[in-house]
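Sequential numbering from 1 along the given sequence is applied to the chain's residues. Only this structure's heavy atoms are used, side chains among them; waters, hydrogens and symmetry mates stay out.
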Amino acid sequence: MKIKKVLVIFAILFIVALSLELITGPHIYKIVKEAMTTSQGYTTNLGQIMTEDEFNHLNVYSSYGVAPSDDVRANIELHRRAFIHLFNSGYVWMNYTNTITDSSGEIDSGSSNVPIKFKVKKIDGVWRIIDIYEAP
């Protein structure tokens, strides 16, 4: 009987955690992709999720020192690998590949399959990126 109660509690916690993963994971993915690809700079929307330093680290135009223009295009492939949390804080692991091409389609620079880890925390009901780790 005691084992049954433990299994039921474990199953309920697992379902709650999985539900949060399915809701929160895509939200963080969308914000990270927006931060990486936007040519509009640091916006109010992004400011609710991350600091300007974190934005500058993620944004391909800022991190590669390239000015957005019609002649420069940033292409990003982003893959969410895992999201582990304790309901109010946790970590998100992703991999990304990016290329920056010129107006003729030639690759100017880029990175391939780069692992990146985000420390996230729920503040006032909103998941915020509070730290980024990317191996040099």
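Note on Leu78: it clusters hydrophobically with Ile31, by side-chain heavy-atom contacts below 4.5 Å among ILVMFWY residues. Placement of Tyr133 and Met50 in two distinct hydrophobic clusters is found when ILVMFWY residues are connected by side-chain heavy-atom separations under 4.5 Å, directly or transitively.
Between Ile123 atom CD1 and Gln48 atom CD the span is 12.5 Å, to the nearest 0.5 Å. Note that the CG atom of Asn75 and the OG1 atom of Thr97 stand 11.0 Å from one another [nearest 0.5 Å]. The distance from atom CZ of Arg81 to atom CE of Met94, rounded to the nearest 0.5 Å, is 10.5 Å. The OH atom of Tyr61 sits 14.5 Å away from atom CG of Asn56, with the distance rounded to the nearest 0.5 Å. One distance of note links CD1 of Ile132 with NZ of Lys117; it measures 12.5 Å at 0.5 Å rounding. In this structure, the separation between CG on Asp131 and OG1 on Thr51 is 9.5 Å, given to the nearest 0.5 Å.
Between Asn45 and Glu34, the closest side-chain pair of non-hydrogen atoms falls below 4.5 Å. In this structure the side chain of Lys121 never reaches within 4.5 angstrom of the side chain of Lys119, judged on heavy atoms. Proximity of Phe118 to Leu58: side-chain heavy atoms (C-beta onward) are separated by under 4.5 Å at one or more points. In this structure, Leu46 and Thr38 have side chains that are in contact, with non-hydrogen atoms separated by less than 4.5 Å. Looking only at side-chain heavy atoms (C-beta outward), Pro115 and Trp93 stay at 4.5 Å or farther from each other. Side-chain atoms of Val60 and Thr37, non-hydrogen and from C-beta on, never get closer than 4.5 Å to each other.
With sequence neighbours left out, Asn95 forms a side chain to side chain donor-acceptor pair (under 3.5 Å) with Asn113. Partners of Tyr42 under the ring pair (Phe, Tyr, Trp, His ring centres under 6.0 Å) rule, at least two apart in sequence or in another chain, are Phe55. Partners of Thr101 according to the side chain to side chain donor-acceptor pair (under 3.5 Å) rule, which considers only residues two or more places apart in sequence or in another chain, do not exist here.
Between Met36 and Ile76 the shortest heavy-atom distance is SD-CG2, 4.0 Å.
Judged by distance alone, the side chain of Asn98 and the main-chain N or O of Ser111 form a donor-acceptor pair under 3.5 Å.
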